[in-house]
There are 2 protein chains.
Amino acid sequence: MNDTKPSAPIAAAVALFTIRERLEFLRLEGGQGRIPSAPLEEGETLEACARRALWEAASIEDVFLEQLYTFDGGRGHPRAIVAYYALAPHDRLRIGRTGVGWVDPTLAPTLVEEHQIIVGRACERLAGKLEYAPIAYQFLAERFTLGELQTVYEIIGRQTLDKRNFRRRIRASWDLVETRDARRGGPHRPARLYRLRDARPPWEE
Amino acid sequence: MNDTKPSAPIAAAVALFTIRERLEFLRLEGGQGRIPSAPLEEGETLEACARRALWEAASIEDVFLEQLYTFDGGRGHPRAIVAYYALAPHDRLRIGRTGVGWVDPTLAPTLVEEHQIIVGRACERLAGKLEYAPIAYQFLAERFTLGELQTVYEIIGRQTLDKRNFRRRIRASWDLVETRDARRGGPHRPARLYRLRDARPPWEE
DNA sequence: AGGCTTGGTGTCATTCATACACGAACGCTA
DNA sequence: TAGCGTTCGTGTATGAATGACACCAAGCCT
């Protein structure tokens with residue numbers, strides 16, 4: 001909860017991203033903004049520590065989580081901060097606490113400096129990884145439409161994409177399974193639902 | 001020197017690579033093999049700790065160094081191992097100690113398990129990064145020929161490359177400066193020397 | 001029934017990647 | 001000093017991948 005606790009020389013911090021209309025990250029309110037973090041406990045793995053930080057800050061569990069970078073802790077404790085980033089569909093996040101909010105990472109800094117740096121690096125990693133790894137679906141439900149997927153790319157990449165070229169690219173590089181169902185979502189033609197073959201729950205990645 | 005020292009909850013470990021005929025990494029002999037590592041000292045940055053590990057193990061300094069990943073330390077101390085990889089031209093390495101040697105990373109494992117994993121991940125990162133970042137020159141002198149550069153790619157990528165296509169690719173993606181000098185290296189036509197524009201010493205990257 | 005909205009599809013032009021061969025410049029040796 | 005062996009250095013032609021582009025389909029609403 002407090003990563004400057006003197007007895008904890010290592011802390012994990014997590015930048016959790018989700019997508020609503022824009023890309024947003026989870027920010028703990030109060031004083032200077034922070035992202036969830038926790039001191040590493042005895043016998044705990046770094047990843048478990050990061051997951052615990054999310055759980056304790058906002059009762060969030062079962063998200064895609066990947067290590068980002070390890071930063072010096074500045075003088076004093078913690079002496080190292082192992083930063084992670086996490087991705088999750090917004091509707092799976094039932095925030096169980098107050099005092100947390102969602103913030104657009106492109107807005108002016110609202111976090112203590114070391115956490116702001118983590119969020120910035122996480123955004124870069126996310127945009128970069130989108131180009132060569134199938135992770136965008138982590139923002140979506142298990143079954144998703146290609147239109148939803150394209151929206152994720154457009155939001156993170158901050159540019160609109162051509163629909164046909166996008167679909168060709170995704171079909172070529174992802175191993176998609178076309179389901180028999182469709183999503184009826186408004187006054188328009190229903191969209192076919194797909195899932196990633198062999199997609200396991202994101203917390204087992 | 002000994003990363004299991006009980007008083008040091010964090011250690012840095014470094015996989016140092018160089019190229020002679022093959023890609024090789026620095027291995028500390030004796031008992032089970034290890035790579036250089038050091039416990040993080042009070043007030044020391046993680047990178048400084050990694051450089052100190054190289055210095056203490058083999059009197060090596062001023063190499064390109066990049067953070068790789070942070071591993072759990074297993075039960076007990078250290079509780080986290082921050083792994084780095086380093087690159088250097090072989091002739092700049094004047095090994096000042098005995099008890100160290102160069103090993104082909106593709107050979108059967110000769111290291112304690114956690115260090116073997118670091119070397120494996122470093123190899124992957126290296127091969128991957130070669131594709132999109134100009135780092136191969138870290139294995140060469142400040143001025144180098146395109147033939148030397150191609151050899152680096154061929155060794156790390158484990159495949160021969162077409163000379164003309166390689167040169168076109170490098171010229172398009174690197175910012176090279178053609179010097180007026182050439183390398184006379186045998187009974188054949190001298191090769192033009194190039195340097196990377198704005199290349200700073202690798203330890204300032 | 002007609003209109004609005006998103007879903008879904010193919011072609012052509014351009015760019016990029018790959019395959020490929022020969023003369024040049026040097027050192028060595030006979 | 002002539003010839004040989006070696007690496008250096010260069011351009012083109014073909015196939016693959018990428019980027020631009022327009023229309024009908026299927027549903028909901030009024």
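All chains are named by letter (A, B, ...) in the order of the sequence lines, taking the proteins before the strands, and each is independently numbered beginning at 1. Keep in mind that what you see is a predicted model, and the values were worked out from it rather than measured.
We find that NZ of B:Lys163 is positioned 11 Å from C1' of C:dG23, with the value rounded to whole Å. B:Asp162 places its CG atom 15 Å from the P atom of D:dT12, with the value rounded to the nearest Å. Atom OH in B:Tyr132 sits roughly 21 Å away from atom C1' in C:dA17 (whole-Å rounding). Across the protein-nucleic acid pair, B:Arg183 atom CZ and D:dT7 atom C1' stand 14 Å apart, rounded to whole Å. Protein atom CZ of A:Arg169 is 8 Å distant from nucleotide atom P of D:dG19, rounded to whole Å. Distance, B:Glu148 CD to D:dT6 P: 19 Å, rounded to whole Å. Computed from coordinates, the B:Arg167 CZ to C:dA19 P distance equals 18 Å when rounded to whole Å. Atom-to-atom, CG of A:Leu146 to P of C:dT9 comes out at 9 Å; the value is rounded to the nearest Å.
The base of C:dG10 does not come close enough to the side chain of A:Arg168 for any donor and acceptor atom to sit less than 3.5 Å apart. At a cut-off of 3.5 angstrom, the base of D:dA22 holds at least one donor-acceptor pair with the side chain of A:Arg164. B:Arg189 contributes a side-chain N or O that forms a donor-acceptor pair with the base of D:dC8 under 3.5 Å.
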Which is it for A:Leu176 and A:Leu196 under the side-chain contact (heavy atoms from CB on, under 4.5 Å) test, yes or no, and what are the steps along the way? CA-CA 5 Å; A:Leu176 287 180; A:Leu196 202 61; 4.0 Å; yes
side-chain contact (heavy atoms from CB on, under 4.5 Å) between B:Arg27 and B:Arg34, worked out: CA-CA 6 Å; B:Arg27 176 180 182 274; B:Arg34 307 185 73 80; over 6 Å; no
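Looking at which nucleotide of DNA chain C each of B:Arg184 and B:Asn165 is closest to, the 5′-most match is held by B:Asn165.
A sub-4.0 Å separation between OP1 or OP2 of D:dT10 and a side-chain N or O of B:Arg171 is present.
With hydrogens and angles left out, the side-chain atoms of A:Thr179 and A:Arg192 include no donor and acceptor closer than 3.5 Å.
Ring centroid separation for the pair B:Phe17 and B:Tyr85 does not come in under the 6.0 Å cut-off.
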